Number of protein chains: 2
Amino acid sequence: MLHHVYQLGETLQTYGYKLTVQRQTVLDAMLKNTDKHLSAEEIFEKVKEINPHIGMATVYRTIQLFEKIGIIHQIFLNDGMMRYHMVNPDEKHEHHHLICEICGDVIDVKEDMLETFEEKLLLKKGFIVTNHRVKVFGICKTCAKKLEDEKKHNEED
Amino acid sequence: MLHHVYQLGETLQTYGYKLTVQRQTVLDAMLKNTDKHLSAEEIFEKVKEINPHIGMATVYRTIQLFEKIGIIHQIFLNDGMMRYHMVNPDEKHEHHHLICEICGDVIDVKEDMLETFEEKLLLKKGFIVTNHRVKVFGICKTCAKKLEDEKKHNEED
DNA sequence: GTAGATGCAAAATTTTTGCATGCCG
DNA sequence: CGGCATGCAAAAATTTTGCATCTAC
């Protein structure tokens, strides 16, 4: 099963926490949705689909725990609520989020691309970067193409 | 007075909103604290110091309005609540926030430094950047120096 | 004068907490 | 078995909203 990749039991044990059905279920729900950025409420819904007996409070406590031990990350996508997603253990730092202002799509970018930025921060500010959280607003490829097509179409009339 | 720099009346008028004592007061409160990142509650407290008659609901509505017309920006600094700060009208894009993981200090960086990053996003993802919101976690200059001094000190023992 | 803004209180959300019970290690 | 974890419900915290009243333009 996928979640074994995360070795939840061992990770929890390392920090002195117990592996419970509830924690495993929250992890499973999140692993089924690695492409999405789920809110606490949405995680709760997915969890209930698997095991309706699990309570909201436990989901909140589990989310907090998972954040603390670094297997999920929190992000605020400016839509009114906190959202969460799995951390890829291979990634040295958080991935970036491109938010299209036209279609609202959120694109994950795993490549760092911030080497130059980090060098500048160290040089100019003496700040040693350990992690970064980047949200980029703009126009995605698809919407940019649509806009261009529309423009062409209008010119032809 | 400082707030005239923001020409609040004219800005509001442009969007069809009225200039009220309450809105002016919220702006004044924020302008007195441009070095801080205030929460809604903290803004309310500062506002009450100037005019105790203004209500919390008005502060919330004003914050939303100010965000919409772009004179303040919202940021979530991972301390459990949204925080707000004035936008410098000279800045083309939002400034970056460096968050020291040791002392908790938040350092504003006005320089962009992301030119290379934006070029890469356009080249590799076809994404046209209009704005970005960057939080950088790490060790600030002061704390880095302290750590180094301590290390030296220990080595001398 | 009139549409938009405010204040208050109530409602809606979101998150946390207390405590008896359950269950992992 | 002992202590951490859970479920439930209640509380706390945060934000929004309805509505009568007020006020900027």
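Residue numbers start from 1 in every chain, and the chains themselves are labelled A, B, ... in the order their sequence lines are given, proteins ahead of strands. Remember, it's a predicted structure, so these values are computed and weren't measured experimentally.
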Inset, instruction - Using heavy atoms to find the nearest nucleotide of DNA chain C for B:Gly55 and A:Lys18 separately, return the residue whose nucleotide is more 5′. - result: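 Between the two, 5'-proximity favours B:Gly55.
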
Legend entry - Earlier contact from the 5' end, DNA chain C, for B:Gly16 and B:Met56: B:Gly16

Inset, instruction - Assess whether one donor atom and one acceptor atom, taken from the side chain of B:Arg61 and the base of C:dG4, lie less than 3.5 Å apart. - result: no

Check the distance between [N]'s [atom2] and [X]'s [atom1] and give it to me in whole angstrom.
{"X": "B:Glu41", "N": "D:dA12", "atom1": "CD", "atom2": "P", "answer": "16 Å"}
{"X": "B:Glu45", "N": "D:dT14", "atom1": "CD", "atom2": "P", "answer": "11 Å"}
{"X": "A:Ile63", "N": "D:dA5", "atom1": "CD1", "atom2": "P", "answer": "16 Å"}
{"X": "A:Arg23", "N": "C:dG25", "atom1": "CZ", "atom2": "C1'", "answer": "13 Å"}
{"X": "B:Phe44", "N": "C:dC8", "atom1": "CZ", "atom2": "C1'", "answer": "11 Å"}
{"X": "A:Tyr17", "N": "D:dG3", "atom1": "OH", "atom2": "C1'", "answer": "14 Å"}
{"X": "B:Glu10", "N": "D:dC25", "atom1": "CD", "atom2": "C1'", "answer": "14 Å"}
{"X": "B:Leu19", "N": "C:dG4", "atom1": "CG", "atom2": "C1'", "answer": "13 Å"}

Any side-chain N or O of [X] less than 4.0 Å from the OP1 or OP2 oxygen of [N]?
{"X": "A:Gln22", "N": "D:dG7", "value": "yes"}
{"X": "B:Gln13", "N": "D:dA24", "value": "no"}
{"X": "B:Tyr60", "N": "D:dT16", "value": "no"}
{"X": "B:Thr20", "N": "C:dT6", "value": "yes"}

Inset, instruction - Tell me yes or no: between the side chains of A:His37 and A:His97, is some donor less than 3.5 Å from an acceptor? - result: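 There is such a pair (donor and acceptor under 3.5 Å, judged by atom type) between the side chains of A:His37 and A:His97.
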
Inset, instruction - Tell me yes or no: between the side chains of A:Thr130 and B:Glu101, is some donor less than 3.5 Å from an acceptor? - result: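 Their side chains do contain a donor-acceptor pair, which is all the 3.5 Å distance test asks for.
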
Legend entry - Comparing B:Ala57 and B:Val21 on DNA chain D - which has the more 5′ nearest nucleotide: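 Its nearest nucleotide lies further toward 5', so the answer is B:Ala57.
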
Legend entry - Donor-acceptor contact present, side-chain A:Glu119 to main-chain A:Thr116, <3.5 Å: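 It does not hold such a pair.
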
Legend entry - A:Gln24 side chain to A:Val21 backbone, donor-acceptor under 3.5 Å: no

Inset, instruction - Could you tell me how the ring of A:His96 sits relative to the ring of A:His132: parallel (under 30°), tilted (30 to 60°) or perpendicular (over 60°)? - result: tilted

Legend entry - Among D:dA5, C:dT6, D:dG7, the nucleotide that comes nearest once only the side chain of B:Thr58 is considered: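 Out of D:dA5, C:dT6, D:dG7, the nucleotide with an atom closest to B:Thr58's side chain is C:dT6.
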
